[in-house]
Q: 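Structure incoming, see below.
Here the structure is a predicted model, which means the values were calculated and not measured. Naming convention: chains lettered A, B, ... in sequence-line order (proteins, then strands); numbering from 1 in each chain.
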Amino acid sequence: MSEVAQPTKPEMPLLVIRPSKGWSALNLRDLWVYRELIYFLTWRDIKVRYKQAVLGIAWAILQPLLTMVIFSVILGKLLGVPTEKDIPYPVFSFVALLPWQLFANALQKSSTSLVGNANLLTKIYFPRLVIPLSAVAAGLVDFMISFVVLFGLMWYYHIQLTWNILWLPLLILLALLTALSIGLWLSALNVQYRDVQQMIPFIIQAWFYASPVVYSAGIIPSAKWQLVYALNPMAGVIQGFRWALLGTQPPTAALAVSSAVVLVLLVTGVYFFKRMERTFADIV
Amino acid sequence: MTDIAIRAENLGKRYRIGAIARRNDTLRDQLSDFGSQMASRMKRSKADKQNQPENEVWALQDVSFEVRQGQVLGVIGKNGAGKSTLLKVLSRVTEPTTGSIEIRGRVGSLLEVGTGFHPELTGRENIYLNGAILGMKRTEIERKFDEIVAFSEVEQFIDTPVKRYSSGMYLRLAFAVAAHLEPEILVVDEVLAVGDAEFQRKCLGKMGDVAQQGRTVMFVSHNMSAVLRLTQESIVMEKGHLVMRAFSSEAVDYYLSAGHVKAGERIWKEEEILPSSAPFRPLALRLQDTRGQVIETIRSTEPVTVELEYLLSAPITGLRIGFYLNSSRFEPVLTSFDTDDPIMFEKFTNRPAGHYISRCTIPADTFNQGRYSLGINASSYRIRRYFQEEQALDFNVDGAGAPGMQWPEPRPGVVRPRIQWAIETL
C-alpha cells in the first residue's frame with residue numbers, strides 16, 4: 001500500500017501512497033517501527049482480562065489445574081487411559097494441557113482479533129499484522145504462570161528435570177506460530193465472513209481430539225501413520241513437550257513434519273493476510 | 001518543490017455498495033449471490049460489457065491538490081461529499097483505488113478522539129495505550145504525561161477506570177492525548193463536533209496553537225466559524241469531486257450557497273425520513289411574506305412567516321416543534337418552539353394524530369442583511385427527539401430600507417432592529 005522512498009530532507013521521509021497491486025510487499029520494517037504498539041496491545045489484553053475478577057491472575061493457574069483434575073478423574077482413573085513410561089496421568093495430561101491451552105487461546109483470540117478491534121482498523125493506520133500478533137502474544141503470561149503448577153506436580157511425582165528442557169522455548173514458539181498462522185487466515189476471513197466466528201469453537205474442539213492431549217500419541221499404529229498424524233503441528237509440539245519435560249521418546253520425525261507444516265501455513269497465512277489487508281477498513 | 005507537504009494526484013476511491021450495505025454477509029449469502037451473479041453475467045455479457053456495475057460508488061474521484069508545509073487547509077462539504085474518505089486515504093486507513101499521494105513528514109491522524117480507549121483501563125493506562133495507538137513512542141508519552149494530565153483536568157481520577165468517567169471527562173482526557181501528538185502533518189476530522197461549548201473552545205484553542213507552530217494541518221469540519229478561524233484556504237468537496245479551492249471565506253460562502261438554495265421551501269420526501277422519526281413526519285418548511293407568497297429572499301423591513309407542515313401518525317405528549325436560526329457562519333441567532341408560550345403549552349400538551357401546520361411570524365426589523373439558515377427540531381423535552389435537521393432551509397435577507405442603509409457599508413452583527421435614538425442638544 002505504501003513505500004518509504006529516499007528522503008529529500010533527512011528529517012522528512014517521503015511517503016508515497018498508491019493502490020497496491022498483486023501481492024503486496026511484506027514490509028516487516030513497518031512492523032518493527034510499530035513494535036511498541038504490539039507491546040501495548042498485548043499489555044492491554046492481559047490487563048483487561050482479569051480486571052474486576054476477584055481471583056484475578058490466579059485464574060491462569062486454576063483453569064489448567066481444574067481441567068487436569070477432571071481429565072485425571074474421568075480419563076485417568078475411570079477409563080484408565082494409558083500413558084507412556086508409567087508417567088502418572090495427572091502430570092502426563094498437564095504437560096500437554098499447557099501448550100494446548102496456549103495454542104487454543106492464542107488461536108481463538110487472534111481469529112477474532114481484527115473484528116474485535118474494528119474501531120482501530122477504521123480510524124487509524126498501523127500495520128494490520130500488529131493485531132493478530134499481539135493477540136497471540138497475550139496468552140504467554142498465563143502460560144508462564146501455569147508453569148509453576150507444572151513444576152509443583154513434577155516435584156510431587158519425583159520427576160527429574162533434564163537438559164532437554166532447553167528445547168522448550170523452541171517448542172513454545174512452534175505452538176505460537178501454529179496459532180498465528182491459522183489465526184492470520186481466520187482473522188482475515190472473519191472480517192468478511194462472520195461464519196468464521198461461529199466455526200472457531202468447533203475447530204478448536206476437533207483439533208483438541210486430533211492432538212495427543214488426553215491420550216498418548218503412541219496409540220497411533222504405524223510409523224507411517226505417525227507422520228500423517230504429525231501433519232497436525234500440535235501433535236509435534238505436545239510430543240515435544242512430553243519429551244523435553246518427562247523424558248518420553250524424542251519425536252524427531254514428527255517435529256520435522258510439524259515444523260514444515262507450520263512454515264507453509266505461516267507463509268501462506270501472512271500473504272493471504274497482506275492481500276486481504278487493504279480492504280479491512282472498508283468491510284469490517 | 002520540497003515545501004510541498006502533501007501532493008495528491010487523481011485520487012479515487014471506489015466502494016462496492018454491496019460491501020457497505022451487507023457488510024456482515026455470511027458465506028451462504030456469498031454462495032447464493034455467486035450463483036445469481038454467474039447467471040446474470042451470462043445474460044449480460046452480450047448486451048454491455050464495458051459498463052460500470054451499478055453496485056459501485058466512487059466516494060472520491062479525480063481529486064488532486066497540494067498542501068504547502070505549514071499550511072492549514074480546511075476541507076468542507078456536505079455529508080457524503082467524500083471529506084472523510086479523503087482523510088481516511090490520507091491517513092492510510094484505507095487504500096485509494098486510483099491515483100497517488102506523496103507525503104513529506106510524519107502523519108498523525110485524528111479521525112475521532114479516544115480511538116482505542118478501553119473502558120476497563122484507568123486514565124493513566126489509557127494515556128499510554130492511546131498514545132501508542134496514535135503513534136507516539138513510549139518515551140515521548142512519559143515525557144508529556146504530566147502535561148497531558150494537566151490539560152485534561154482529570155488529575156484526581158487518573159487511576160480510576162475510564163468507564164466511571166463522565167462523558168465530559170472522557171472526552172477531555174481523550175483530546176488531551178491527541179492534542180499532544182506532534183507529527184509534522186496532522187489530519188483532523190470533525191473532532192470538535194463533540195463535547196460541550198467549553199470543551200469545544202479549548203479544542204479550538206489548541207488547534208489554533210498547532211496551526212501557529214507551523215505544522216501542516218488538514219481540517220475537516222461542519223463548523224464554518226471554526227474553519228474560518230483556523231484556516232486561510234479551504235477546498236470544497238461535492239459528490240466525491242474537489243469543486244473549489246479558494247480562500248476560506250470564499251469557499252465557505254460557496255459551500256453555503258451551493259446546493260442549499262431551496263427557494264424558500266423545503267419539502268421532505270417520504271424516503272428521506274428515517275423510520276425512527278415516527279410518529280412524527282415532516283412534510284414541508286416554508287418561508288412566506290405578508291401576502292402568503294413563498295419567498296427565498298426576505299426583506300429586513302418586513303415580517304416573515306415560518307410555516308412547518310407535518311403529520312402525526314399517533315398522538316404525542318409534550319411535543320414541541322420549532323426552529324433554530326443560524327447565521328451563515330453557523331452562529332446561533334435564535335431558537336423558538338411552538339409551545340414556548342405557557343398557554344400554548346397547556347393547550348397542546350397532548351397532540352392527537354393528524355395533519356398540522358405550526359406557524360409563526362418573525363417581526364419586521366429583526367435581521368441584518370446576509371444569509372441565514374433554518375434548522376428544525378421536533379421533540380418531547382427530555383424524552384425523545386423525533387426529528388432534527390440542522391440546515392433545512394437557507395434564506396437571504398435584503399437590507400433595503402433597514403436603518404443605516406444610507407451608508408453602503410457592511411454592518412457587523414446578525415440582528416438589525418430599528419432602534420430609536422434621541423439626540424439632545426445641551
Q: What part of Leu189(A) is in contact with chain B, defined as an atom under 4.5 angstrom from a non-hydrogen atom: side chain, backbone, both or neither?
A: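 Nothing of Leu189(A), per the 4.5 Å heavy-atom cut-off to chain B.
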
Q: Carefully, step by step, assess Leu15(A) and Ile101(B) under the rule side-chain contact (heavy atoms from CB on, under 4.5 Å).
A: CA-CA 8 Å; Leu15(A) 174 77; Ile101(B) 313 172; over 6 Å; no

Q: Hey, does Ser91(B) have a side-chain heavy atom less than 4.5 Å from the side chain of Ile124(A)?
A: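 Answer no - side chains too far apart.
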
Q: Taking atom CZ of Arg68(B) as the centre, does the number of heavy atoms from other residues, nucleotides or ligands within less than 6.0 Å exceed 12?
A: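 12 or below, so no.
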
Q: Examine whether an atom of Glu125(B) lies under 4.5 Å from a heavy atom of chain A, and if so say whether it belongs to the side chain, the backbone or both; otherwise answer neither.
A: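 For Glu125(B), backbone and side chain are both near chain A.
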
Q: Below 4.5 Å, heavy atoms only, C-beta onward: do Ile103(B) and Ile17(A) meet side chain to side chain?
A: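 Counting from C-beta outward, Ile103(B) and Ile17(A) do come under 4.5 Å.
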
Q: Rounded to the nearest 0.5 Å, what separation is found between the CD1 atom of Ile133(B) and the OH atom of Tyr125(A)?
A: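 The OH atom of Tyr125(A) is 15.0 Å from CD1 of Ile133(B), to the nearest 0.5 Å.
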
Q: Under the 3.5 angstrom rule, does the side chain of Glu120(B) hit a backbone N or O of Val48(A) as a donor-acceptor pair?
A: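 Pair absent, no side-chain N/O of Glu120(B) close to backbone of Val48(A).
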
Q: Against chain A, label Leu90(B) side chain, backbone, both or neither, depending on which of its atoms sit under 4.5 Å from a heavy atom there.
A: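 The backbone, not the side chain.
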
Q: Might you point out which heavy atoms bring Asn119(A) and Thr115(B) nearest each other, and give the distance in Å?
A: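 Looks like O-CG2, 4.0 Å.
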
Q: Might you point out which heavy atoms bring Ala281(A) and Thr94(B) nearest each other, and give the distance in Å?
A: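 Closest approach of Ala281(A) to Thr94(B): CB-CB, 4.3 Å.
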
Q: Do you know the tightest heavy-atom contact between Leu129(B) and Trp43(A)?
A: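 Taking Leu129(B) first and Trp43(A) second, the nearest heavy atoms are CB-CZ3, 4.4 Å.
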
Q: To the nearest 0.5 Å, tell me how far Thr97(B) OG1 sits from Arg278(A) CZ.
A: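 Spacing of OG1 (Thr97(B)) from CZ (Arg278(A)) equals 11.0 Å.
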
Q: May I ask you to name which of Gly116(B), Gly99(B), Ser109(B), Gly131(B) has the most heavy-atom pairs under 4.5 Å with chain A?
A: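 Sorted descending by pairs with chain A, the first entry is Gly99(B).
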
Q: Which bit of Phe280(A) is near chain B, if near means a heavy-atom gap under 4.5 Å: side chain, backbone, both or neither?
A: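 Neither part, no heavy atoms under 4.5 Å.
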
Q: What's the spacing between Tyr15(B) OH and Ile283(A) CD1 if we round to 0.5 Å?
A: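 Going from the OH atom of Tyr15(B) to the CD1 atom of Ile283(A) covers 11.5 Å.
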
Q: Can you tell me how far CG of Leu121(B) sits from NZ of Lys47(A), rounded to the nearest 0.5 angstrom?
A: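 Atom-to-atom, Lys47(A):NZ and Leu121(B):CG are 7.5 Å apart.
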
Q: At a 4.5 Å cut-off on heavy atoms, which part of Lys137(B) comes close to chain A: side chain, backbone, both, or neither?
A: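 Both parts, backbone and side chain.
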
Q: Would you say that more than 12 heavy atoms from the other residues, nucleotides or ligands in this model lie under 6.0 Å from the CD of Gln156(B), or not?
A: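 Atom CD in Gln156(B) is not packed in, count stays at 12 or less.
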
Q: Testing the basics here: between Glu36(A) and Met136(B), what is the closest heavy-atom pair and its distance to 0.1 Å?
A: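 Heavy atoms of Glu36(A) and Met136(B) come nearest at OE1-O, 4.1 Å.
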
Q: Under 6.0 Å from the CH2 atom of Trp59(A), do we count more than 12 heavy atoms belonging to anything else shown?
A: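 Not more than 12 within 6.0 Å, no.
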
Q: What I'd like to find out is whether the side chain of Arg92(B) reaches to under 4.5 Å of the side chain of Phe126(A), using heavy atoms alone.
A: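 The answer is no; the side chains never approach within 4.5 Å.
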
Q: Are the side chains of Glu95(B) and Asp282(A) in contact, using a 4.5 Å heavy-atom criterion?
A: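 Asp282(A) does not reach Glu95(B) side chain to side chain.
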
Q: If you define the side chain from C-beta out and look only at heavy atoms, does anything of Lys123(A) sit under 4.5 Å from Val93(B)?
A: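 Lys123(A) does not reach Val93(B) side chain to side chain.
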
